[in-house]
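Data block below; observations after.
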Amino acid sequence: GRGVLPRAMAALGAYRCIECNGEATELYRDYQRGVLRISICKSCQKPVDKYIEYDPVIILINAVLCKAQAYRHILFNTKINIHGKLCVFCLLCEAYLRWLQLQDSSQNTDPDDLIRYAKEWDFYRMFGIASLEQTSFFIGIFITLWWITPEMLKRKSDFILLLKALLLSTYGKLLLIPAVIWEHDYTPLCLAFIKVFVLISNSQAIRVTLNLNRILPWFAIFFGLIFENGVVCLFQKMGWDV
């Protein structure tokens with residue numbers, strides 16, 4: 001079946017052309033009796049959003065391929081509100097991976113010396129560390145973008161949209177669980193590829209949201225990583241076990 005958006009959604013306001021990022025008042029026009037016509041962008045003369053006729057699986061594949069059109073469709077032309085839950089689940093995946101590595105590195109095999117409560121506390125600690133690192137990474141990105149292009153982040157809605165885009169673009173961390181379950185000799189390499197994929201997704205999300213070139217998003221991500229590592233080093237010098 002085709003994933004056509006409901007009629008009520010077309011009346012909510014402005015949308016974006018997935019090809020040129022131009023504004024549009026509607027994605028399609030309903031002529032009743034099942035006759036629909038996709039709106040044409042006035043700027044580029046192409047369909048405003050061809051993905052409204054695509055199956056969600058096709059849209060997901062295009063998003064995994066980091067196509068700008070798929071990102072614009074998801075961020076501007078749909079009403080997805082799973083970014084908060086997705087963020088928490090991704091952090092849980094990362095915390096589980098770190099907790100598992102912590103247990104594997106422990107040389108103490110006596111079950112009486114490490115009670116269940118201690119293991120559970122370690123997992124919560126790993127979740128806190130993962131949350132701290134991701135928050136620091138995002139703050140570094142926002143500071144850099146605000147410093148370079150302050151006109152792009154004048155309104156509160158701009159910050160919220162960019163935060164939503166960054167949270168949604170971290171979906172690649174869900175691949176951490178299969179990488180751990182199907183453990184093999186190349187697991188460290190797989191984890192490195194997952195990290196790179198997440199950074200590429202973050203870059204594409206920034207580029208699409210703020211309509212920037214390819215260089216500035218990577219510049220922001222670079223300083224985000226520096227800020228993240230700086231915060232971690234600061235807490236370590238304060239004596240925190242981070």
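Everything numeric here is computed off the predicted structure, so don't read it as measured data. Residue indices begin at 1 and follow the sequence shown.
For the pair Phe223/Ile143, no side-chain contact is recorded, criterion being any heavy-atom separation below 4.5 Å from C-beta on. For the pair Cys41 and Cys20, the minimum side-chain heavy-atom distance is below 4.5 Å. Side-chain contact check for Cys17 versus Asp49: every heavy-atom pair is 4.5 Å or farther apart. Within the 4.5 Å cutoff, the side chain of Ile206 has no heavy atoms near those of the Leu216 side chain. Looking at Tyr171 and Val64, their side chains come closer than 4.5 Å, going by heavy atoms from C-beta outward. The side-chain heavy atoms of Leu175 and Phe193, taken from C-beta on, include no pair separated by under 4.5 Å.
For the atom pair CD (Glu19) and OG (Ser43), the distance works out to 12.0 Å, reported to the nearest 0.5 Å. Considering CE of Met152 and CH2 of Trp146, their distance stands at 15.5 Å, rounded to 0.5 Å. One finds the CZ atom of Phe127 at 10.0 Å from the CD atom of Glu94 (value rounded to the nearest 0.5 Å). Distance check, rounded to the nearest 0.5 Å: CZ of Arg207 to CG of Asn202 gives 14.5 Å. If you take OG on Ser201 and OH on Tyr71, they are separated by 3.5 Å, rounding to the nearest 0.5 Å. For the atom pair CG of Asn21 and CZ of Phe76, the computed distance is 5.5 Å after rounding to the nearest 0.5 Å.
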Test log, rule ring pair (Phe, Tyr, Trp, His ring centres under 6.0 Å), inputs Phe142 and Phe227
CA-CA 11 Å; Phe142 276 103; Phe227 191 80; over 10 Å; no
Take Val232 and Glu133, measure what side chain to side chain contact (heavy atoms under 4.5 Å, CB included) needs, and give me the verdict at the end.
CA-CA 7 Å; Val232 172; Glu133 291 181 354; 3.7 Å; yes
Output, in order, the C-alpha distance, side-chain angles, deciding distance and verdict of side chain to side chain contact (heavy atoms under 4.5 Å, CB included) for Val48 and Ile18.
CA-CA 6 Å; Val48 173; Ile18 64 172; over 6 Å; no
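The two residues Ala70 and Ala63 have their closest heavy-atom pair at CB-N, 3.8 Å.
The pair Arg29-Glu26 meets the salt-bridge criterion, with a side-chain N (NZ, NE, NH1 or NH2) lying under 4.0 Å from an Asp/Glu carboxylate O.
Defined by atom type and a distance below 3.5 Å, a donor-acceptor pair is missing between the side-chain atoms of Gln69 and Arg72.
Each of Leu168, Ile80, Leu167, Leu91 was compared with Leu86 under the side chain to side chain contact (heavy atoms under 4.5 Å, CB included) criterion, and only Leu168 meets it. Only one option out of Thr170, Leu176, Val198 pairs with Cys90 in a side chain to side chain contact (heavy atoms under 4.5 Å, CB included); it is Thr170.
Between Tyr51 and His73, the two ring planes are tilted [angle within 30° to 60°].
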